[in-house]
Number of protein chains: 2
Amino acid sequence: MTADLRDPVRGDPTLPTGTHGAAGVPAFSPLYLQIKTLLTQGLTQGDWKPGDALPSETELAARFKVSQGTVRKALDAMALDRLLVRRQGKGTFVATHAEQQVQYRFLRLMPDTPPRVAMQRRFLDLKRQRPPVEVARALGLGGAQIVFRLRRLLLALGEPVVLDEIWLPAGLFEGLSVERMSSYAGTMYGLFEAEFGVRMIRAEEKIRAVAADEAQARLLSLPLGAPLLSVERLSMTYADQPVEFRRGLYHTAAHYYRNELS
Amino acid sequence: MTADLRDPVRGDPTLPTGTHGAAGVPAFSPLYLQIKTLLTQGLTQGDWKPGDALPSETELAARFKVSQGTVRKALDAMALDRLLVRRQGKGTFVATHAEQQVQYRFLRLMPDTPPRVAMQRRFLDLKRQRPPVEVARALGLGGAQIVFRLRRLLLALGEPVVLDEIWLPAGLFEGLSVERMSSYAGTMYGLFEAEFGVRMIRAEEKIRAVAADEAQARLLSLPLGAPLLSVERLSMTYADQPVEFRRGLYHTAAHYYRNELS
DNA sequence: TAGTGGTCTAGACCACATC
DNA sequence: ATGTGGTCTAGACCACTAA
């Protein structure tokens, strides 16, 4: 972590740095992006864990042999990506799913009538098995690699609202059990991060309207054929590696999926 | 637009600038945010129209009597908000819905099997009428203010996929007609911006699963009770003023609503 | 009081677009 | 050749936090 970036990466100063590589790919990236990459690698390999403080801007600047402003630009970019959280007067910290403010960062379901009271969880079953083809493909697994399949309900005021089916590569979550999830106070992503070292960075969702089949209707206490929101989510950790696939069925009579467009 | 910001806004330098006002509200904001506010006001009052170039950083810096770096920070923030588009070597431009790259910025419906071919539009009817209460409330109108109510279909490969019901304050869109919409080549928001000076900045959507009623089923060529995605959208122009309410019904057998979480 | 991130400045140089 | 935004530097000072 002490390399001087300019000499090795920016290359011979007699060559114009803006030159493009043979394949039309940029031959270099700005210093602050290189630093962002190095810091992100540090996060990936666990140099700093969620909640930890990073070294101060001045120290990082000395370490990388660049100006403080360049380090700042890298840190600001990472904060925009939600990889870091910056707090004036305190320091720069690795973002975590265990923070009070952003508890349900990835859950967009809102009740029609606030207040937004925390929903109850009820774990239905957890099994180890071969993944279905579409799950294996989404997670980039071979069909022979075992996955966990978890089903759970979320209930609001006692009424079931969400039925989730969650697929996880077994290798990454060895030791997962219903007891362990039940006894964990925070969110599921908080558990993944704290107990398995798997931090979710971003996710993609595909949303559809479907009709409840018999099993789904029974679990959600709804009539057969009731319209449900189907939310397929693929969650990625560092380096965009997919590590969770889930399919949620949302009952949207008294709740809605909130989205913000800009 | 030539005021020196520091004297009037930052106040007597003998007072600490970080002081909070009597109500606990910050008594000042950083220079670059003040400049961002002034520039946004300029956009609101039409000093520059969508597609126009803003003055260069150096000129704005001279105009506001601050350094170029401070202007840059304001412009970068506005670009992040998608109010502006910055192009190296060319200038800084007011963002527009008429750009080739981001045609359907607010339409998140994707086909299961690409390529994403442009959908056909079919306008069903356009009426002037009193708004229903929920529409009046969403748009912040009195019940006596007239609105346009437009219905239209979007079709993919000839099959109806989206049924939209769109509500617009008549005062802002005087002269709107089906002919005018049909003959306009670009998107609806492109038309609003070019012909009525109403530029959509951001929107909030509430998504549910519903069952098609008889009229909806007929228009979408679906059986009664078919599950549909209901997408309620409230669109805002500058200063977060709501100017459009729409309800879309999406048939999601061969399409899905795409969302990105981070 | 010391240390952190946040703002602001001034200047140099680079990359890109246009003439 | 000129003008634009993009990067990088160095230094000053401000605001916030904690000891």
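First the proteins, then the strands, lettered A, B, ... as listed; each starts at 1. If you're wondering where the values come from, they're calculated on a predicted model, not measured in any experiment.
Phosphate contact (OP1/OP2 of D/dT7, side-chain N/O of A/Tyr32, threshold under 4.0 Å): present. Regarding contacts with the backbone of D/dC8, every side-chain N or O of A/Lys73 stays at 4.0 angstrom or more from both OP1 and OP2.
B/Asp76 has its CG atom 15 Å from the C1' atom of C/dC8, to the nearest Å. Atom CD in B/Glu59 sits roughly 10 Å away from atom P in D/dG5 (whole-Å rounding). The distance from atom CG of B/Leu84 to atom C1' of D/dT4 is 15 Å, rounded to the nearest whole Å. Residue A/Arg87 contributes atom CZ, which lies 11 Å from atom P of C/dG6 at whole-angstrom precision. What separates NZ of B/Lys65 from C1' of C/dC8 is a distance of 17 Å, to the nearest Å. Taking atom CD on A/Glu57 and atom P on C/dG6, their separation rounds to 7 Å, with Å as the unit. The interatomic distance linking A/Leu60 (CG) with C/dG3 (C1') rounds to 15 Å, in whole Å. If you take NZ of A/Lys36 and P of D/dG6, they are 16 Å apart, rounded to a whole angstrom.
Looking at residues two or more places apart in sequence or on another chain, you find a side chain to side chain contact (heavy atoms under 4.5 Å, CB included) between B/Tyr256 and A/Lys206, A/Arg208, B/Met110, B/Asp112, B/Arg258. For B/Arg202, the salt bridge (Lys or Arg N to Asp or Glu O under 4.0 Å) criterion is met by A/Glu260, B/Glu204, B/Asp240, not counting sequence neighbours. The salt bridge (Lys or Arg N to Asp or Glu O under 4.0 Å) search around A/Arg246 returns A/Asp164, A/Glu244, not counting sequence neighbours. Evaluation of the salt bridge (Lys or Arg N to Asp or Glu O under 4.0 Å) rule for A/Glu232 yields no partner, not counting sequence neighbours. Checked against side chain to side chain contact (heavy atoms under 4.5 Å, CB included), B/Pro55 has the following partners two or more places apart in sequence or in another chain: B/Trp48, B/Glu59, B/Leu60, B/Arg63. In this view, A/Arg86 and A/Glu57, A/Asp76 satisfy the salt bridge (Lys or Arg N to Asp or Glu O under 4.0 Å) rule, not counting sequence neighbours.
The list of salt bridge (charged side-chain N to carboxylate O under 4.0 Å, His left out) pairs with a residue in residues 33-45 of chain A, not counting sequence neighbours, reads A/Lys36-A/Asp81.
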Taking N or O atoms only and anything under 3.5 Å, show me the protein contacts with nucleotides 17-19 of chain D, one pair per line.
residue : atom : partner : partner atom : Å
D/dA18  : OP1  : A/Lys90 : NZ           : 3.2

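Tested against A/Leu261 for a side-chain contact (heavy atoms from CB on, under 4.5 Å), the candidates B/Met200, B/Arg233, B/Met236, B/Arg105 yield a single pass: B/Arg233.
Looking at B/Arg72, its side chain comes within 3.5 Å of the base of D/dG6 through a donor and an acceptor atom.
Closest-nucleotide positions on DNA chain D for B/Leu75 and A/Gln68 were compared, and the one nearer the 5' end corresponds to B/Leu75.
Closest approach to the A/Thr92 side chain among C/dG5, C/dT9, D/dC8 is made by C/dG5 (side chain taken as heavy atoms from C-beta onward). Distances from the side chain of A/Thr70 to the nucleotides C/dC8, D/dT9, C/dT7 place D/dT9 closest. Closest approach to the B/Ser56 side chain among C/dC8, D/dT4, D/dT9 is made by D/dT4 (side chain taken as heavy atoms from C-beta onward). Proximity note for B/Arg86 (side chain, C-beta onward) versus C/dT4, D/dG5, D/dT9: the nearest is D/dG5. Picking from D/dG6, C/dT7, D/dT9 the nucleotide with the shortest atom distance to the side chain of B/Pro30 gives C/dT7.
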(request) Both distances under 3.5 Å, Watson-Crick or G-U wobble: on that basis, could you give the dot-bracket string for DNA chain D, with [ ] for crossing pairs and | for other-strand partners? (result) ||||||||||||||||||.
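At a threshold of 4.5 Å between non-hydrogen side-chain atoms, the residues A/Glu205 and A/Tyr257 count as touching.
Atom OG of residue A/Ser235 and atom CZ of residue A/Phe106 lie 6.5 Å apart, to the nearest 0.5 angstrom.
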